[in-house]
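One-based numbering along the sequence shown.
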Amino acid sequence: MGGWAIAVHGGAGVDPNLPPHRQEEAKQLLTRCLNLGISALRSSLPAIDVVELVVRELESDPLFNSGRGSALTEKGTVEMEASIMDGPKRRCGAVSGLTTVKNPISLARLVMEKSPHSYMAFSGAEEFARKQGVELVENQYFITEENVVMLKLAKEANSILFDYRIPAVGLETCSAGAASVEAALQMNGLPISVYAPETVGCVVVDGLGRCAAGTSTGGLMNKMSGRIGDSPLIGSGTYAGKLCGVSCTGEGEAIIRGTLARDVAAVMEYKGLGLQEAVDFVIKDRLDEGKAGMIAVSNYGEVAYGFNTTGMFRGCATEDGFMEVGIWE
C-alpha cells in the first residue's frame, strides 16, 4: 500500500468574481479540516472515523452548504441530507430531510451501524435520531442571515438559486444576482440560475488501504420541499469500495443520472484505469451537459480530483508530505 491520503471539498462551481476575502476564508477552513484529518490519520484512526470527523467539522462551520449554513427550501426551512460509506465491506448509511440533527453525517453512520437499513428520511430519520440520542437543535440554528437574503433573491427571480455563497454586501461586484443572468443553465430542461458550490465531502484511505467516503449538504437554495439530491444516494454522490473512495458535488440531477461516484470505481475495475484517469473519464464522458466535480482516493494512497465548472473548493494531502488547497484550475 502507498500510505494514507485524504481529500476534502466544499462544492464545485465557484463564481469567478468571488471576493478575495471569501476565497481566503474557504481555503482556511479547508486547511483546518485537512490538518484535522491528517492528525487523525497519524494517530492510526480508521478511514471511516476520519471521514466522519472531518465532515462534522465542515457541517459545524456556516461557510459551506451543510449543517449550519445549509441552503433554504422554498419555505425558508432547512432540509439536510448526507451519506457515508465504508469501503472494505461496502457498508453504507444515508439520511435525507433532516431538520433538527446537528450533524447529519453522524446520523448517516448510525443508520449504517445501528439499524438494519441503509437509508432513512424525514420523520422516520428524525425519530431514529432521537432514539439514538444524537444532538438535536432547533431548525433556526442552521439558518444564516446571508442565506435568508439569498433565498429572497431566488424568489424574486423565480428560480432555484445555486449561487448562494456570494455575500449580500457587494453583490453588484459578483456575477451572482439571479436577475442578471442572461443565459441560464438548465436542470432537467428547466432554467436555473448561476451555478455555485452546494455540498461538502471527504474521502480517506488509511495506512491499511481501507477507503471511506462521506458527503453532506443542505441542497439547493429555494428547492422544493422534499427534494432529494445526489449527496445521500450511494453510487451517485458517495461511493467507497476496495479500490477507491469518491465524493461528488455539483448538479445533483446530473450526478444521479450518471451514477458518478460508482462509475469511477467501475472504470477502474473493468477498464483498468488509474485513479486520476478514472476521474477524468467520468467527468468528461458521464455528465452529458451537467456540471459537477469530485474528489477521490485509491487504496494505494493516491488522491485525485476533477471538475468541469469554473472552480471547486478542495484540498488534499498524502502521507509523503504532499498537501494542496485550491479553488481554480
Side-chain heavy atoms of [X] within contact of [Y], under 4.5 Å:
X    : Y    : answer
F64  : L30  : yes
Y305 : Q276 : no
P104 : E59  : yes
L72  : T77  : no
I6   : V303 : no
M221 : N147 : yes
L110 : V134 : yes
V78  : T73  : no

List the atom of [X], the atom of [Y], and the distance in Å for their closest heavy-atom pair.
X    : Y    : answer
G237 : T215 : O-OG1, 3.3 Å
G241 : R90  : CA-CG, 4.1 Å
I255 : S236 : CG2-O, 3.3 Å
A7   : V297 : N-CG1, 4.5 Å
V279 : A296 : CG2-CB, 3.9 Å
A94  : S83  : CB-CB, 3.8 Å

Less than 3.5 Å apart, any donor N or O on the side chain of [X] or [Y] sitting next to an acceptor on the other?
X    : Y    : answer
S66  : S216 : no
S247 : T238 : no
S106 : E52  : yes
E81  : Y119 : no

| More than 12 non-hydrogen atoms from neighbouring residues, nucleotides or ligands closer than 6.0 Å to CZ on R262, yes or no? |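 For R262, atom CZ is crowded (more than 12 foreign heavy atoms under 6.0 Å).
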| said: Could you list the cluster mates of M85? Members are the ILVMFWY residues connected by side-chain heavy atoms closer than 4.5 Å, either directly or through other members. | reply: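 Noted: M85 shares its cluster with I234, Y239.
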Given 3.5 Å as the limit, does a donor-acceptor pair link the side chain of [X] with the main chain of [Y], or not?
X    : Y    : answer
N139 : T100 : no
D263 : A265 : no
K223 : G218 : yes
Q132 : L107 : no
N65  : A71  : yes
S39  : N35  : no
N299 : K242 : yes
D288 : G290 : no
S60  : E57  : no

For the atom pair [atom1] ([X]) and [atom2] ([Y]), what is the distance rounded to the nearest 0.5 Å?
X    : Y    : atom1 : atom2 : answer
I327 : F307 : CD1   : CZ    : 10.0 Å
C316 : L34  : SG    : CG    : 7.0 Å
M120 : L98  : CE    : CG    : 10.5 Å
F122 : S96  : CZ    : OG    : 6.0 Å
C92  : I84  : SG    : CD1   : 10.5 Å
E24  : L29  : CD    : CG    : 11.5 Å

Check ion pair [X]-[Y] (N to O, under 4.0 angstrom):
X    : Y    : value
R32  : D61  : yes
D49  : R109 : yes
R227 : E253 : yes

| field | Sequence neighbours excluded, every pair satisfying salt bridge (charged side-chain N to carboxylate O under 4.0 Å, His left out) that has a member inside residues 115-131 | value |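 Sorted result for residues 115-131: E127-K131.
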Report yes or no: do [X] and [Y] belong to one cluster of Ile/Leu/Val/Met/Phe/Trp/Tyr joined by side chain heavy-atom distances under 4.5 Å?
X    : Y    : answer
I38  : V54  : yes
L58  : L53  : no
F142 : L151 : yes
M312 : V55  : no
L260 : I295 : no

| Centre of Y141's six-membered ring, under 6.0 Å away, within 45 degrees of the axis: is that where NZ or CZ of R68 sits? |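 Verdict for Y141: a cation-pi partner in R68.
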| said: Please identify which of these residues, V8, V14, T249, meets the side-chain contact (heavy atoms from CB on, under 4.5 Å) condition with F313. | reply: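 Result: among V8, V14, T249, V14 is the only option passing the side-chain contact (heavy atoms from CB on, under 4.5 Å) with F313.
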| field | Full working for side chain to side chain contact (heavy atoms under 4.5 Å, CB included) between V101 and L136 | value | CA-CA 5 Å; V101 176; L136 304 177; 3.9 Å; yes
| query | What do the steps show when you test E74 against S225 for side chain to side chain donor-acceptor pair (under 3.5 Å), and what is the final call? | reply | CA-CA 7 Å; E74 60 185 357; S225 182; 5.9 Å; no
| note | Hits for salt bridge (charged side-chain N to carboxylate O under 4.0 Å, His left out) against E319, two or more places apart or cross-chain, chain-then-number order -> none
| side chain to side chain donor-acceptor pair (under 3.5 Å) between T217 and T199, worked out | CA-CA 5 Å; T217 188; T199 253; 3.0 Å; yes
| message | Between E146 and R22, is the salt bridge (charged side-chain N to carboxylate O under 4.0 Å, His left out) condition met? List the steps. | response | CA-CA 13 Å; E146 183 179 69; R22 294 305 295 267; 3.0 Å; yes
